[in-house]
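Please read all numbers here as calculations on a predicted model, not as lab measurements.
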Amino acid sequence: MKKIEAIIKPFKLDEVKEALHEIGLQGMTVTEAKGFGRQKGHTELYRGAEYVVDFLPKIKIEIVIDDALAERAIEAIQKAAHTGRIGDGKIFISSVDEALRIRTGEKGSEAL
């Protein structure tokens, strides 16, 4: 099993969700986040005063998926979240040793 964490622009959430649904993903966790990467935020002008916005709004998607679907899920996220502009985000992939469904006690990929 693989855990895929994707940090994306907020307005791309629906497109990413649809793309993952099309490959057969059954569930995901979505968290509102703030952060910055190489662009290190930006400067805005508000009521004549200039201030720096260090942390930009982002969405963090977390999914745990069977190894067989992992590559398709990564491609789906990358295509759906891509705008070609700075700040499109990142995808992190890590291995998951075990999963357990609390309600039924199912383990492994059956718990997903």
Is there a path of hydrophobic side-chain contacts, each under 4.5 Å between heavy atoms of I/L/V/M/F/W/Y residues, joining Ile74 to Ile23?
yes
Test of understanding: clusters of I, L, V, M, F, W, Y form through side-chain heavy atoms closer than 4.5 Å, transitively. Do Phe92 and Val30 belong to the same one?
no
Flag, side chain of Asp88 to backbone of His82, donor-acceptor distance under 3.5 Å:
no
Count I, L, V, M, F, W, Y as connected when their side-chain heavy atoms are under 4.5 Å apart, and connections chain through other members. Are Ile91 and Ile63 then in the same cluster?
yes
Is it possible for you to say whether Leu13 and Leu56 belong to one hydrophobic cluster, with membership spreading through side-chain heavy-atom contacts below 4.5 Å?
no
Pairwise side-chain contact, Leu25 with Ile65, heavy-atom cut-off 4.5 Å (strictly under):
yes
pair Ile77-Ile61: side-chain heavy atoms closer than 4.5 Å:
no
Looking only at heavy atoms, what is the nearest atom pair of Ala70 and Ile4, with distance?
O-CD1, 3.9 Å
Provide the closest heavy-atom pair for Thr104 versus Glu106 in the form atom of the first, atom of the second, distance.
OG1-OE1, 2.9 Å
Less than 4.0 Å between a side-chain N and a carboxylate O, is that true for Lys107 and Glu98?
no
Find the distance between NZ (Lys79) and CD (Glu15) and round it off to the nearest 0.5 Å.
14.0 Å
Does the side chain of Ile59 reach to within under 4.5 Å of the side chain of Lys9, using non-hydrogen atoms?
no
Let me check something: do Met28 and Ile8 share a hydrophobic cluster, defined by ILVMFWY side-chain heavy atoms less than 4.5 Å apart, either directly or through other members?
yes
What are the two closest non-hydrogen atoms of Ala19 and Ala80, and how far apart are they?
CB-CB, 3.9 Å
Step through the shown structure and confirm whether more than 12 heavy atoms of other residues, nucleotides or ligands are within 6.0 Å of CD on Glu5.
yes
How long is the span from the CG atom in Leu20 to the CD atom in Gln26, to the nearest 0.5 Å?
12.5 Å
Does Met1 offer a backbone N or O that forms a donor-acceptor pair with the side chain of Asp67 under 3.5 Å?
yes
Pair Ser95, Lys2: side-chain N/O donor-acceptor within cut-off below 3.5 Å:
yes
